Amino acid sequence: METPDVPGALALVDPARTEGRLELDQASYFLSKIELRRGQAPTTAPWRTPLFIATSYITADAAEYFGLPRNRTVIMGSHIEV
């Protein structure tokens with residue numbers, strides 16, 4: 001299995017196929033993150049909700065996974081009640 005390298009892949013893009021040369025040393029990257037919260041509505045069995053929320057916290061760090069520079073990565077998030 002390959003590890004994605006977004007900046008490396010962007011460096012391979014032909015400038016003739018874009019609006020010009022990409023300035024990768026100045027590029028900003030945007031990621032989204034969804035945080036799950038326990039809601040009041042009984043949507044699942046009582047023991048499943050905390051387990052589901054707990055497993056959502058053990059996901060891989062997306063910026064690290066895609067090889068994005070931390071100082072130029074913006075992470076925007078939202079909350080969903082389960």
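Keep in mind that the numbers below use all heavy atoms, side chains included, and drop hydrogens, waters and symmetry copies. Computed from a predicted structure; not experimentally measured.
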- For R17, the side-chain hydrogen bond (donor to acceptor under 3.5 Å, both in side chains) test, sequence neighbours excluded, returns none

- Query: Given the rule that I, L, V, M, F, W and Y join up when any side-chain heavy atoms are under 4.5 Å apart, are I34 and F52 in one cluster?
  - Reply: yes

- Taking it one step at a time, do Y29 and V74 satisfy side-chain contact (heavy atoms from CB on, under 4.5 Å)? CA-CA 6 Å; Y29 302 90; V74 178; over 6 Å; no

- Note: P46 and P50 closest approach over all heavy atoms is O-CD, 3.2 Å

- Atom of G67, atom of D5 and distance for their closest heavy-atom approach: O-OD1, 4.3 Å

- side-chain contact (heavy atoms from CB on, under 4.5 Å) between L31 and T73, intermediate numbers included: CA-CA 7 Å; L31 299 172; T73 301; 3.8 Å; yes

- Message: Show the nearest heavy-atom pair for residues L10 and L22, with the distance to one decimal.
- Response: O-CD1, 3.8 Å

- Can you name the residues that form a side-chain hydrogen bond (donor to acceptor under 3.5 Å, both in side chains) with E23, not counting sequence neighbours? R21

- I53 to S56 - nearest heavy-atom pair and separation: O-OG, 2.6 Å

- Message: Nearest 0.5 Å, please: how far is CD in Q26 from CZ in R72?
- Response: 8.5 Å

- Separation between NE2 (H79) and CZ (R37), nearest 0.5 Å, reads 4.0 Å

- How close do L36 and Y57 get, heavy atom to heavy atom, and via which atoms? O-OH, 4.0 Å

- Task: Provide the closest heavy-atom pair for P7 versus P69 in the form atom of the first, atom of the second, distance.
- Result: CG-CD, 4.3 Å

- Just wondering, are more than 12 heavy atoms of other shown residues or ligands nearer than 6.0 Å to CD in E64? no

